Amino acid sequence: MEIKRKINLDVKRTVENSVAGNGEFHFYVDELTSNDYMPTYAGNADEKYTYDEMDDEFFEFLARKVKGDGIYIRLVYATASETNGEAVFELEYGGKKEEFRTSDVENVLVFEFADFGVKVKGGEVTFGATIEGGCVHVPYFAEFGSLKANEKFISLENPLNRRIIEIMEGMIL
């Protein structure tokens, strides 16, 4: 399973597909710093912008960021619970909702909520998730299979992550 690959991704169509009409800006897409942190959450963005709608100026901003340190596009939002020895995940993506269940609770992390998406930098797309940034509470991007966060959360052995990757592959345009 490839986590990073060269791909000709249409940022505008992929963002429009992921947002599904919701007007919250950084909830779905954010610029990244060189160390994969999301600066808008801390008010440290290097370029000020406003977001009222997905207009040409917004996508020009994203195009500049893709050529720089990259952007993160959230494609799947998830909530979870554990009942009767089974992990149950509610997945929202592209205007759809899906329930994913697994009895393999040893290889999954049951979380309150999480999001999964892609880092787009130049022509390279990396599959991963937003990770809480610790004491500074600035989230950052971590690719699946990396050692950047709770290994169970972004493990490729995690059956949820295998399903998430399938979903995201279908959402990239």
Side-chain angles (χ1 to χ4, degrees), residues 1-80 89-100 111-133 138-146 153-154 160-173:
M1 182 178 308
E2 282 186 86
I3 301 310
K4 188 180 287 192
R5 64 183 75 148
K6 291 284 186 185
I7 191 168
N8 189 12
L9 179 138
D10 183 324
V11 170
K12 181 175 183 177
R13 288 184 58 217
T14 300
V15 168
E16 288 171 339
N17 188 37
S18 70
V19 172
N22 192 313
E24 293 183 42
F25 171 63
H26 63 266
F27 194 68
Y28 289 95
V29 64
D30 203 345
E31 66 182 287
L32 294 173
T33 62
S34 59
N35 60 357
D36 288 339
Y37 276 87
M38 299 177 187
T40 56
Y41 283 83
N44 296 329
D46 66 355
E47 189 174 339
K48 300 301 176 201
Y49 50 85
T50 58
Y51 175 76
D52 295 319
E53 59 187 50
M54 290 187 288
D55 57 13
D56 290 340
E57 186 176 319
F58 171 70
F59 288 107
E60 288 169 10
F61 167 79
L62 293 183
R64 285 192 305 277
K65 293 302 175 178
V66 166
K67 291 176 184 172
D69 290 323
I71 62 171
Y72 172 73
I73 303 172
R74 183 178 82 181
L75 297 174
V76 180
Y77 176 75
T79 56
F89 299 91
E90 293 292 328
L91 309 176
E92 294 182 45
Y93 57 94
K96 300 175 188 170
K97 287 188 178 186
E98 172 184 322
E99 184 177 273
F100 179 83
F111 44 76
E112 185 178 348
F113 60 88
D115 65 85
F116 304 89
V118 291
K119 173 183 176 179
V120 182
K121 182 176 179 181
E124 192 171 84
V125 174
T126 308
F127 292 87
T130 298
I131 306 295
E132 184 64 41
V138 179
Y140 64 95
F141 172 80
E143 63 275 12
F144 286 121
S146 74
F153 178 64
I154 57 177
L160 171 67
N161 292 344
R162 291 193 299 267
R163 176 63 188 133
I164 295 285
I165 291 169
E166 288 173 6
I167 291 168
M168 291 192 305
E169 286 176 329
M171 294 184 72
I172 295 174
L173 304 171

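Everything numeric here is computed off the predicted structure, so don't read it as measured data.
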Separation between [atom1] of [X] and [atom2] of [Y], rounded to the nearest 0.5 Å:
| X | Y | atom1 | atom2 | result |
| --- | --- | --- | --- | --- |
| Asp115 | Ile164 | CG | CD1 | 10.0 Å |
| Lys12 | Glu60 | NZ | CD | 10.0 Å |
| Tyr37 | Asp69 | OH | CG | 14.0 Å |
| Met171 | Ile73 | CE | CD1 | 10.0 Å |
| Glu92 | Leu75 | CD | CG | 13.5 Å |

(message) Any non-hydrogen side-chain atom of Phe61 less than 4.5 Å from a side-chain atom of Lys65?
(response)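 Sidechains of Lys65 and Phe61: in contact.
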(message) Are Phe58 and Val29 packed together at the side-chain level, in the sense that at least one heavy-atom pair is separated by less than 4.5 angstrom?
(response)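 Yes; the side chains approach each other to less than 4.5 Å.
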Can you name the closest pair of heavy atoms from [X] and [Y] and give their distance?
| X | Y | value |
| --- | --- | --- |
| Phe116 | Tyr72 | C-OH, 3.2 Å |
| Lys119 | Leu32 | CG-CD1, 3.5 Å |
| Glu132 | Tyr140 | O-CE2, 3.6 Å |
| Ser18 | Arg74 | CB-O, 3.4 Å |
| Val118 | Phe127 | CG1-CD2, 3.9 Å |
| Ile154 | Glu143 | CD1-O, 3.4 Å |

(message) Looking at Phe153, is its backbone amide N or carbonyl O close enough to the side chain of Asn161 to form a donor-acceptor pair, meaning the two atoms are under 3.5 Å apart?
(response) yes
(request) Would you check if the side chain of Thr14 reaches a backbone N or O of Val11 as a donor-acceptor pair within less than 3.5 Å? (result) no
(message) Run Ile167 and Glu98 through side chain to side chain contact (heavy atoms under 4.5 Å, CB included) and show every step you take.
(response) CA-CA 10 Å; Ile167 291 168; Glu98 172 184 322; 4.0 Å; yes
(message) I'd like to know if Glu166 pairs up with Arg163 as an ion pair, taking the criterion as any Lys NZ or Arg NE/NH1/NH2 lying under 4.0 Å from an Asp or Glu carboxylate oxygen.
(response) yes
(request) From the options Ile131, Asn35, Ile71, Asp36, select the one residue that forms a side chain to side chain contact (heavy atoms under 4.5 Å, CB included) with Phe141. (result) Asp36
